[in-house]
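Following: one structure in structure tokens, then a few remarks.
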Amino acid sequence: MNDSNRLRLTWISYFSYALTGALVIVTGMVMGNIAEYFNLPVSSMSNTFTFLNAGILISIFLNAWLMEIIPLKRQLMFGFILMVLAVAGLMVTKSLTMFSLCMFILGVVSGITMSIGTFLITHMYAGRQRGSRLLFTDSFFSMAGMIFPIVAAMLLARQIGWYWVYACIGLLYVGIFVLTLFSEFPVLGNKGANAGQPVAKEKWGIGVLFLSIAALCYILGQLGFIQWVPEYATKSFGMDLGQAGKLVSDFWTSYMVGMWVFSFILRFFDLQRIVTVLAALATGAMYLFVSTDNPQHLGYYIMALGFVSSAIYTTLITLGSLQTKVSSPKLVNFILTCGTIGTMLTFVVTGPIVAKGGAHAALTTANGLYLAVFVMCLLLGFVTKHRSHGHVTH
């Protein structure tokens, strides 16, 4: 593979994460306008966005097999057609059913592109370089999550229809489509370069189980924490919404900075050891946030939490891809799927906890989930295969 083609495929991966980040994080900005558009209460409208998450989850799960049947280039080109149809559907629909279908399609397209983007990085880069590249790729998720809410706010402030926000997000897929046209993709399955040779099926091992549990607990813990921080800050410390919102903004800002820093640092450390240390530090930082009585300390603790936890999820995925000698798309997608299940369960798990014990109980639960991540990373050290496969070199 020549360098220019590798660069194009890498940018496809970047844009795929940005697309998912934009679709997921912009929801809170447009939900009120969409509820008003359909003349529904916001609480009822929020349920329809489950179709977006469901589309992401289903497509990531199925694409572990589809990547070996349908060529990657064909999937991305077909995804462009689906993206255009979904955005056009949002612009013309007056039906809640049609809106839900379009959201589901956007989720499917997003999940397919993100699973392909993740596989491309794990396929093209090896060892610690793979971890740093995947971490930098994941930073585009956060970057889009910072940019597109600003874009949405600008459009909505000018009384421009909410559906134009999704049209702007669709421009990311235009970039993916153009890059796809000029790129050559790795061939998987029976048509691959090694198709005529007998393939030795590698066992994933118990390490993959630890990594999958850690991925689910991490995403569930992170989203369960950050979704209830504003409620906790306003009810427990009497902050206004602006102050509570700044806490969330501080978290994501330090999270993105941490991604950039660790994309360099990870090259010099054993991945299992550093992710165990980071999980321990993140658990400690969250405990300090949850247990402090001083509102002035909250900002410091949440920034520390964002920084030290930023590299955990992508390092878990990277370690998963290193559990076999040859990177397995099924294995990578399995861990991604477990993380996405954590997204789906966020309000299912934390909603009843908040109803019974308040926002502080939800934050304490999230802290327990981070502790579970640390335990899984610690146990992984006894069974991981990434060292025996020679993946610890640059």
Atom of [X], atom of [Y] and distance for their closest heavy-atom approach:
X	Y	result
A366	F225	CB-CB, 3.8 Å
W228	L363	CB-CD2, 4.2 Å
C102	L90	CB-CD2, 3.6 Å
L76	Y173	O-OH, 2.9 Å
L378	Q272	O-NE2, 4.3 Å
A233	A244	CB-CB, 4.1 Å

Quick check: does any side chain N or O of R273 sit under 3.5 Å from a backbone N or O of F269, one acting as donor and the other as acceptor? no
Would you kindly confirm whether [X] and [Y] end up in one hydrophobic cluster when ILVMFWY residues are joined by side chain heavy atoms under 4.5 Å apart?
X	Y	answer
V248	V354	yes
M239	W252	yes
I60	L62	yes
F140	I147	yes
I58	I105	yes

Straight-line distance of N2 CG to R8 CZ, nearest 0.5 Å: 6.5 Å
Spacing of CD1 belonging to I353 relative to OG1 belonging to T365, to within rounding of 0.5 Å: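 The distance works out to 3.5 Å.
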Taking C-beta and beyond as the side chain, do L9 and P186 meet within less than 4.5 Å on heavy atoms?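 Yes, close enough: below the 4.5 Å cut-off.
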Step by step, work out the side chain to side chain donor-acceptor pair (under 3.5 Å) result for Q222 and S309. CA-CA 9 Å; Q222 182 197 71; S309 64; 5.1 Å; no
Start with the C-alpha distance between T93 and Y163, add both sets of side-chain angles, then the distance that settles side chain to side chain donor-acceptor pair (under 3.5 Å), and finish with yes or no. CA-CA 10 Å; T93 185; Y163 39 80; over 6 Å; no
For T10, all residues meeting side-chain contact (heavy atoms from CB on, under 4.5 Å), sequence neighbours excluded: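 T10: side-chain contact (heavy atoms from CB on, under 4.5 Å) contacts with R6, Y14, I121, M124, Y125, R133.
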In terms of ring plane angle, is the pair H297 and Y301 parallel, tilted or perpendicular, where the classes change at 30° and 60°? perpendicular
Apply side chain to side chain donor-acceptor pair (under 3.5 Å) to T137 and S13, showing your working. CA-CA 7 Å; T137 303; S13 299; 5.7 Å; no
Who passes ring-ring contact (aromatic ring centres under 6.0 Å, His included) against F374, sequence neighbours left out? none
Please report whether the ring centroid of F177 lies less than 6.0 Å from that of F80. yes
Can you list the steps and then say if W65 with F61 is a ring-ring contact (aromatic ring centres under 6.0 Å, His included)? CA-CA 8 Å; W65 288 270; F61 179 74; 5.5 Å; yes
